[in-house]
Amino acid sequence: MSSSLISNSTHFFLKLFLLISFFNVCFASRKLTALVQEPQNQLLQYHKGTLLSGKISVNLIWYGKFKPSQRAIVSDFITSLSSSTPSKADPSVAKWWKTTEKYYHLANSKKSLSLYLGKQVLIENYSLGKSLTQKQIVQLASKGEQKDAINIVLTASDVAVDGFCVNRCGTHESSKGAIIRGKTYKFAYIWVGNSETQCPGYCAWPFHQPIYGPQSPPLVAPNNDVGVDGMVINLASLLAGTATNPFGNGYYQGEADAPLEAASACPGIYAKGAYPGYAGNLLVDKTTGASYNAHGTDGRKYLLPALYDPATSTCSTLV
(Lines give C-alpha, C1' and ligand atoms only; values in the text may rest on other atoms or scores of the structure.)
Protein backbone atom coordinates (compact mmCIF):
# COMPACT_ATOMS: atom_id res chain seq x y z
CA MET A 1 0.00 0.00 0.00
CA SER A 2 1.42 3.40 -0.96
CA SER A 3 2.17 6.02 1.73
CA SER A 4 -0.38 8.41 0.22
CA LEU A 5 -3.06 5.73 0.38
CA ILE A 6 -2.17 4.97 4.00
CA SER A 7 -2.36 8.67 4.84
CA ASN A 8 -5.71 9.03 3.10
CA SER A 9 -7.06 5.97 4.89
CA THR A 10 -5.97 7.29 8.28
CA HIS A 11 -7.40 10.72 7.46
CA PHE A 12 -10.70 9.13 6.40
CA PHE A 13 -11.17 7.24 9.65
CA LEU A 14 -10.25 10.28 11.72
CA LYS A 15 -12.82 12.38 9.89
CA LEU A 16 -15.41 9.78 10.84
CA PHE A 17 -14.37 9.95 14.48
CA LEU A 18 -17.18 12.19 15.75
CA LEU A 19 -19.87 10.00 14.22
CA ILE A 20 -18.46 6.75 15.58
CA SER A 21 -17.62 8.16 19.00
CA PHE A 22 -21.26 8.58 19.91
CA PHE A 23 -21.67 4.85 20.39
CA ASN A 24 -18.24 3.37 20.96
CA VAL A 25 -15.61 5.39 22.75
CA CYS A 26 -13.61 5.46 25.94
CA PHE A 27 -10.84 7.96 26.50
CA ALA A 28 -8.67 9.31 29.28
CA SER A 29 -11.14 12.18 29.63
CA ARG A 30 -12.17 13.02 26.10
CA LYS A 31 -15.33 15.04 25.51
CA LEU A 32 -17.73 14.01 22.77
CA THR A 33 -17.65 17.51 21.30
CA ALA A 34 -13.86 17.61 20.95
CA LEU A 35 -12.60 18.32 17.43
CA VAL A 36 -10.24 16.03 15.61
CA GLN A 37 -6.99 17.66 14.62
CA GLU A 38 -5.55 17.16 11.16
CA PRO A 39 -3.33 14.04 11.08
CA GLN A 40 0.40 14.46 10.79
CA ASN A 41 3.13 12.04 9.66
CA GLN A 42 3.40 10.87 13.25
CA LEU A 43 -0.14 11.11 14.56
CA LEU A 44 0.60 10.44 18.23
CA GLN A 45 3.41 12.65 19.46
CA TYR A 46 5.70 11.67 22.30
CA HIS A 47 5.74 14.31 25.03
CA LYS A 48 8.86 12.89 26.72
CA GLY A 49 7.05 11.66 29.80
CA THR A 50 7.76 8.50 31.77
CA LEU A 51 6.29 5.26 30.45
CA LEU A 52 5.47 2.27 32.62
CA SER A 53 8.27 -0.29 32.62
CA GLY A 54 9.34 -3.48 34.33
CA LYS A 55 6.91 -5.86 36.00
CA ILE A 56 3.61 -4.09 36.64
CA SER A 57 0.81 -5.72 38.62
CA VAL A 58 -2.72 -5.31 37.30
CA ASN A 59 -5.06 -5.27 40.29
CA LEU A 60 -8.82 -5.60 39.92
CA ILE A 61 -11.16 -3.81 42.33
CA TRP A 62 -14.70 -5.11 41.85
CA TYR A 63 -17.30 -2.66 43.16
CA GLY A 64 -20.80 -4.07 43.40
CA LYS A 65 -22.08 -7.51 42.56
CA PHE A 66 -20.39 -9.50 39.81
CA LYS A 67 -20.83 -13.21 39.16
CA PRO A 68 -17.70 -15.36 39.45
CA SER A 69 -18.08 -16.13 35.74
CA GLN A 70 -18.02 -12.40 34.95
CA ARG A 71 -14.89 -11.84 37.02
CA ALA A 72 -13.24 -14.75 35.23
CA ILE A 73 -13.84 -13.15 31.80
CA VAL A 74 -11.87 -10.05 32.82
CA SER A 75 -9.14 -11.77 34.84
CA ASP A 76 -8.52 -14.22 31.98
CA PHE A 77 -8.18 -11.25 29.63
CA ILE A 78 -5.50 -9.70 31.85
CA THR A 79 -3.66 -13.02 32.01
CA SER A 80 -3.89 -13.32 28.22
CA LEU A 81 -1.94 -10.08 27.74
CA SER A 82 1.28 -11.68 28.92
CA SER A 83 3.45 -13.16 26.20
CA SER A 84 4.74 -15.63 28.79
CA THR A 85 1.36 -17.38 28.67
CA PRO A 86 0.46 -17.13 24.99
CA SER A 87 -2.65 -18.59 23.49
CA LYS A 88 -2.05 -21.60 21.28
CA ALA A 89 -4.44 -20.12 18.73
CA ASP A 90 -3.75 -17.17 16.47
CA PRO A 91 -4.48 -14.27 16.52
CA SER A 92 -3.98 -13.88 20.24
CA VAL A 93 -4.55 -11.21 22.88
CA ALA A 94 -0.78 -11.20 23.48
CA LYS A 95 -0.17 -10.45 19.79
CA TRP A 96 -2.61 -7.53 19.99
CA TRP A 97 -0.77 -6.16 23.04
CA LYS A 98 2.61 -6.32 21.27
CA THR A 99 1.69 -3.24 19.22
CA THR A 100 2.20 -1.15 22.37
CA GLU A 101 5.86 -2.25 22.45
CA LYS A 102 6.51 -0.19 19.32
CA TYR A 103 5.87 2.99 21.31
CA TYR A 104 8.57 1.97 23.78
CA HIS A 105 11.03 1.38 20.95
CA LEU A 106 10.31 4.84 19.54
CA ALA A 107 10.92 6.36 22.97
CA ASN A 108 14.25 4.49 23.14
CA SER A 109 13.09 2.89 26.36
CA LYS A 110 15.67 0.41 27.63
CA LYS A 111 13.07 -1.37 29.75
CA SER A 112 10.06 -3.26 28.50
CA LEU A 113 6.64 -3.51 30.13
CA SER A 114 5.46 -6.80 31.58
CA LEU A 115 1.94 -7.05 33.01
CA TYR A 116 0.72 -9.72 35.39
CA LEU A 117 -2.53 -10.28 37.24
CA GLY A 118 -2.15 -9.06 40.82
CA LYS A 119 -4.69 -9.05 43.61
CA GLN A 120 -8.44 -8.83 43.31
CA VAL A 121 -10.53 -6.88 45.80
CA LEU A 122 -14.26 -7.56 46.12
CA ILE A 123 -16.47 -4.78 47.48
CA GLU A 124 -19.91 -6.29 47.13
CA ASN A 125 -21.64 -4.27 49.87
CA TYR A 126 -21.66 -0.96 47.93
CA SER A 127 -19.79 0.69 50.82
CA LEU A 128 -19.69 4.05 49.00
CA GLY A 129 -23.25 3.83 47.69
CA LYS A 130 -24.49 3.30 44.17
CA SER A 131 -23.61 6.72 42.78
CA LEU A 132 -19.88 7.46 42.68
CA THR A 133 -17.84 10.59 42.08
CA GLN A 134 -14.42 10.67 40.44
CA LYS A 135 -12.89 11.24 43.86
CA GLN A 136 -14.48 8.04 45.10
CA ILE A 137 -13.15 6.17 42.07
CA VAL A 138 -9.63 7.23 43.10
CA GLN A 139 -10.42 6.13 46.65
CA LEU A 140 -11.37 2.70 45.36
CA ALA A 141 -8.36 2.53 43.04
CA SER A 142 -6.04 3.13 46.00
CA LYS A 143 -7.07 -0.24 47.40
CA GLY A 144 -4.77 -1.82 44.84
CA GLU A 145 -0.97 -1.79 44.95
CA GLN A 146 0.62 1.64 45.38
CA LYS A 147 3.82 0.98 43.42
CA ASP A 148 4.49 -0.56 40.02
CA ALA A 149 0.79 -1.08 39.49
CA ILE A 150 -2.24 -0.43 37.33
CA ASN A 151 -5.32 -0.53 39.54
CA ILE A 152 -8.58 -1.18 37.72
CA VAL A 153 -11.93 -0.27 39.26
CA LEU A 154 -14.84 -2.13 37.71
CA THR A 155 -18.31 -0.97 38.71
CA ALA A 156 -21.40 -3.19 38.50
CA SER A 157 -24.32 -2.54 36.20
CA ASP A 158 -26.40 -0.90 38.96
CA VAL A 159 -23.69 1.63 39.90
CA ALA A 160 -23.79 5.16 38.47
CA VAL A 161 -20.54 7.10 38.03
CA ASP A 162 -20.12 10.78 37.18
CA GLY A 163 -20.09 11.10 33.39
CA PHE A 164 -20.87 7.41 32.78
CA CYS A 165 -23.10 7.01 29.72
CA VAL A 166 -23.10 10.78 29.25
CA ASN A 167 -19.69 11.25 27.67
CA ARG A 168 -17.56 8.29 28.69
CA CYS A 169 -17.49 4.54 29.23
CA GLY A 170 -14.33 4.59 31.33
CA THR A 171 -11.26 6.61 32.22
CA HIS A 172 -7.57 6.18 32.90
CA GLU A 173 -5.51 8.54 35.01
CA SER A 174 -2.85 8.45 37.74
CA SER A 175 -2.69 9.26 41.42
CA LYS A 176 -0.10 9.65 44.13
CA GLY A 177 0.11 6.58 46.27
CA ALA A 178 1.19 5.98 49.84
CA ILE A 179 4.72 6.77 51.01
CA ILE A 180 6.85 3.64 50.60
CA ARG A 181 10.30 3.68 52.19
CA GLY A 182 10.25 7.45 52.34
CA LYS A 183 9.26 7.95 48.71
CA THR A 184 5.89 8.71 47.17
CA TYR A 185 5.11 6.85 43.97
CA LYS A 186 2.45 7.42 41.34
CA PHE A 187 0.20 4.57 40.33
CA ALA A 188 -1.91 4.40 37.21
CA TYR A 189 -5.57 3.54 37.52
CA ILE A 190 -8.50 2.75 35.25
CA TRP A 191 -12.22 2.81 35.80
CA VAL A 192 -14.67 0.93 33.57
CA GLY A 193 -18.40 0.57 34.13
CA ASN A 194 -20.69 -2.32 33.23
CA SER A 195 -23.15 -0.80 30.77
CA GLU A 196 -25.46 -3.82 30.51
CA THR A 197 -28.54 -1.93 31.77
CA GLN A 198 -27.51 1.73 31.75
CA CYS A 199 -26.25 2.36 28.21
CA PRO A 200 -25.43 -0.80 26.24
CA GLY A 201 -26.08 0.99 22.97
CA TYR A 202 -23.36 3.47 23.86
CA CYS A 203 -20.67 1.50 25.70
CA ALA A 204 -21.31 -2.12 24.67
CA TRP A 205 -21.52 -1.68 20.89
CA PRO A 206 -21.17 -3.74 18.71
CA PHE A 207 -22.83 -6.26 21.04
CA HIS A 208 -25.91 -4.05 21.29
CA GLN A 209 -27.87 -1.90 18.86
CA PRO A 210 -26.19 1.54 18.75
CA ILE A 211 -28.13 4.51 20.06
CA TYR A 212 -26.65 6.78 17.39
CA GLY A 213 -25.35 6.43 13.87
CA PRO A 214 -25.92 3.69 11.31
CA GLN A 215 -28.08 0.84 12.57
CA SER A 216 -26.95 -2.73 12.07
CA PRO A 217 -27.81 -5.94 13.92
CA PRO A 218 -25.79 -6.41 17.14
CA LEU A 219 -23.09 -9.06 17.19
CA VAL A 220 -23.13 -12.05 19.51
CA ALA A 221 -20.77 -11.46 22.46
CA PRO A 222 -17.88 -13.98 22.58
CA ASN A 223 -18.37 -14.74 26.29
CA ASN A 224 -22.15 -14.50 26.14
CA ASP A 225 -22.23 -11.41 28.35
CA VAL A 226 -23.01 -8.14 26.57
CA GLY A 227 -22.11 -5.98 29.57
CA VAL A 228 -18.81 -7.63 30.50
CA ASP A 229 -17.70 -8.29 26.91
CA GLY A 230 -18.32 -4.58 26.37
CA MET A 231 -16.26 -3.81 29.47
CA VAL A 232 -13.36 -5.79 27.99
CA ILE A 233 -13.41 -3.64 24.84
CA ASN A 234 -13.28 -0.45 26.91
CA LEU A 235 -10.71 -1.89 29.32
CA ALA A 236 -8.47 -2.94 26.44
CA SER A 237 -8.63 0.58 24.98
CA LEU A 238 -7.79 2.17 28.31
CA LEU A 239 -4.96 -0.29 29.05
CA ALA A 240 -3.35 0.63 25.74
CA GLY A 241 -3.72 4.30 26.66
CA THR A 242 -2.28 3.65 30.12
CA ALA A 243 0.78 1.84 28.73
CA THR A 244 1.58 4.55 26.20
CA ASN A 245 0.39 7.61 28.15
CA PRO A 246 0.27 6.65 31.84
CA PHE A 247 0.83 10.06 33.43
CA GLY A 248 -0.55 12.43 30.80
CA ASN A 249 2.77 13.25 29.16
CA GLY A 250 3.46 10.19 27.02
CA TYR A 251 2.09 9.49 23.55
CA TYR A 252 -1.01 11.39 22.54
CA GLN A 253 -2.33 13.95 20.09
CA GLY A 254 -4.48 16.97 20.81
CA GLU A 255 -5.30 18.48 24.18
CA ALA A 256 -3.71 16.85 27.22
CA ASP A 257 -7.05 16.62 29.04
CA ALA A 258 -8.83 15.24 25.95
CA PRO A 259 -6.22 13.23 24.08
CA LEU A 260 -6.27 10.90 21.14
CA GLU A 261 -4.37 7.81 22.29
CA ALA A 262 -3.28 4.42 20.97
CA ALA A 263 -6.82 2.98 20.81
CA SER A 264 -8.98 6.10 20.73
CA ALA A 265 -7.21 7.19 17.53
CA CYS A 266 -8.94 4.23 15.85
CA PRO A 267 -12.56 4.38 17.07
CA GLY A 268 -15.04 1.74 15.96
CA ILE A 269 -12.45 -0.34 14.09
CA TYR A 270 -12.07 -4.01 15.01
CA ALA A 271 -11.12 -5.67 11.73
CA LYS A 272 -10.40 -4.95 8.09
CA GLY A 273 -13.30 -3.43 6.20
CA ALA A 274 -14.68 -1.48 9.17
CA TYR A 275 -16.81 1.60 8.60
CA PRO A 276 -19.28 3.56 10.78
CA GLY A 277 -21.80 1.10 12.17
CA TYR A 278 -19.81 -1.95 10.99
CA ALA A 279 -17.01 -3.35 13.16
CA GLY A 280 -15.23 -5.08 10.29
CA ASN A 281 -14.77 -8.58 8.90
CA LEU A 282 -14.48 -10.44 12.19
CA LEU A 283 -13.96 -14.09 13.01
CA VAL A 284 -17.15 -15.96 13.92
CA ASP A 285 -17.41 -18.95 16.22
CA LYS A 286 -19.14 -21.72 14.25
CA THR A 287 -20.83 -23.12 17.35
CA THR A 288 -22.08 -20.00 19.13
CA GLY A 289 -22.17 -17.48 16.28
CA ALA A 290 -20.14 -15.07 18.43
CA SER A 291 -17.89 -12.49 16.78
CA TYR A 292 -14.31 -12.02 17.96
CA ASN A 293 -10.80 -11.19 16.79
CA ALA A 294 -8.50 -12.55 19.51
CA HIS A 295 -7.91 -15.81 21.35
CA GLY A 296 -7.07 -15.73 25.04
CA THR A 297 -6.01 -18.24 27.66
CA ASP A 298 -8.22 -21.19 28.61
CA GLY A 299 -10.00 -21.11 25.26
CA ARG A 300 -11.36 -17.59 25.74
CA LYS A 301 -12.30 -15.37 22.81
CA TYR A 302 -12.38 -11.58 22.90
CA LEU A 303 -13.17 -8.60 20.71
CA LEU A 304 -10.40 -6.00 20.93
CA PRO A 305 -10.14 -2.55 19.34
CA ALA A 306 -7.67 -1.60 16.64
CA LEU A 307 -4.50 0.11 17.87
CA TYR A 308 -2.67 2.91 16.12
CA ASP A 309 0.61 1.50 14.81
CA PRO A 310 3.30 4.21 15.01
CA ALA A 311 5.52 2.27 12.62
CA THR A 312 3.02 2.36 9.77
CA SER A 313 0.80 5.32 10.76
CA THR A 314 -2.26 3.11 10.35
CA CYS A 315 -4.89 1.52 12.55
CA SER A 316 -3.65 -2.01 13.08
CA THR A 317 -6.14 -4.87 13.39
CA LEU A 318 -5.60 -8.54 14.18
CA VAL A 319 -7.89 -9.78 11.40
Side-chain angles (χ1 to χ4, degrees), residues 1 5-6 8-10 12-14 16-17 20 23-26 43 73-74 76-83 85-103 204-208 210 213-214 216-226 228-241 243-244 261-319:
M1 184 181 291
L5 185 56
I6 291 173
N8 289 338
S9 177
T10 303
F12 172 75
F13 280 113
L14 287 173
L16 293 175
F17 170 78
I20 301 172
F23 54 86
N24 184 59
V25 101
C26 51
L43 175 66
I73 293 170
V74 177
D76 285 349
F77 167 66
I78 299 300
T79 302
S80 300
L81 292 166
S82 172
S83 58
T85 55
S87 167
K88 294 180 180 179
D90 187 68
S92 67
V93 173
K95 181 178 180 180
W96 172 83
W97 185 248
K98 272 192 166 296
T99 297
T100 62
E101 293 180 3
K102 297 182 180 182
Y103 290 85
W205 184 86
F207 302 131
H208 191 279
S216 57
L219 304 179
V220 177
N223 295 287
N224 198 32
D225 192 309
V226 170
V228 176
D229 276 305
M231 291 182 84
V232 170
I233 291 176
N234 297 323
L235 175 56
S237 299
L238 292 164
L239 268 174
T244 56
E261 297 179 333
S264 58
C266 302
I269 303 172
Y270 298 91
K272 301 296 183 184
Y275 55 82
Y278 178 63
N281 303 319
L282 296 166
L283 302 173
V284 178
D285 188 295
K286 294 181 181 179
T287 303
T288 65
S291 296
Y292 68 99
N293 60 8
H295 294 270
T297 57
D298 297 327
R300 291 281 187 192
K301 294 180 175 68
Y302 296 100
L303 182 62
L304 305 178
L307 294 180
Y308 182 79
D309 188 333
T312 61
S313 298
T314 60
C315 293
S316 174
T317 58
L318 286 172
V319 297

Problem set entry | Which residues share a salt bridge (Lys or Arg N to Asp or Glu O under 4.0 Å) with D225, sequence neighbours left out | none
Seminar exercise, completed: Here the gap from K301 atom NZ to H295 atom NE2, rounded to the nearest 0.5 Å, amounts to 6.0 Å
For this session: Output the distance between atom CD (E261) and atom OG1 (T244), rounded to the nearest 0.5 Å.
Result: 6.0 Å
For this session: Could you pull out all residues at least two apart from K272 that satisfy salt bridge (Lys or Arg N to Asp or Glu O under 4.0 Å)?
Result: none
Problem set entry | Under the side chain to side chain contact (heavy atoms under 4.5 Å, CB included) test, residues paired with K102 that sit two or more places apart | D309, P310, A311
Exercise. Partners of A306 by side chain to side chain contact (heavy atoms under 4.5 Å, CB included), sequence neighbours excluded?
Worked result: C266, I269, C315, T317
Seminar exercise, completed: All heavy atoms of A294 vs all of S92, minimum pair found to be CB-C, 4.1 Å
Exercise. P91 and N293: which non-hydrogen atoms are nearest, and at how many Å?
Worked result: CG-O, 3.2 Å
For this session: Please tell me if the side chains of L235 and I78 come closer than 4.5 Å, counting only heavy atoms from C-beta onward.
Result: yes
For this session: Could you pull out the closest heavy-atom pair between L43 and Y308, with the gap in Å?
Result: CB-OH, 3.2 Å
Seminar exercise, completed: Taken to the nearest 0.5 Å, the spacing of W97 CH2 from L239 CG works out to 5.0 Å
Exercise. Excluding sequence neighbours, so at least two apart, what forms side chain to side chain donor-acceptor pair (under 3.5 Å) with D229?
Worked result: N223
Exercise. How would you list, by chain and number, every residue that makes a side chain to side chain contact (heavy atoms under 4.5 Å, CB included) with T288, sequence neighbours excluded?
Worked result: D285, A290
Seminar exercise, completed: Distance col, row L303:CG vs Y292:OH, nearest 0.5 angstrom, shows 11.5 Å
Seminar exercise, completed: Residues at least two apart in sequence or cross-chain that pass ring-ring contact (aromatic ring centres under 6.0 Å, His included) with F77, listed by chain then number, are Y302
Exercise. Between the main-chain N or O of A263 and the side-chain N or O of S237, is there a donor-acceptor pair closer than 3.5 Å?
Worked result: no
For this session: Work out which heavy atom in S82 is nearest to a heavy atom in A94; give both atom names and the distance.
Result: O-CB, 4.1 Å
For this session: Name all pairs fulfilling the salt bridge (charged side-chain N to carboxylate O under 4.0 Å, His left out) condition that reach into residues 288-297, sequence neighbours left out, sorted by first residue then second.
Result: none
Exercise. Got a second to check how far W205's CH2 is from L219's CG, nearest 0.5 Å?
Worked result: 7.5 Å
Exercise. With N224, which residues qualify under side chain to side chain donor-acceptor pair (under 3.5 Å), at least two apart?
Worked result: none
Problem set entry | Minimal non-hydrogen separation, P206 against A279, with atom names | CG-CB, 4.1 Å
For this session: Calculate, to the nearest 0.5 Å, the distance between atoms CG and CG belonging to L81 and L304 respectively.
Result: 8.5 Å
Seminar exercise, completed: All heavy atoms of F207 vs all of P222, minimum pair found to be CZ-CD, 3.4 Å
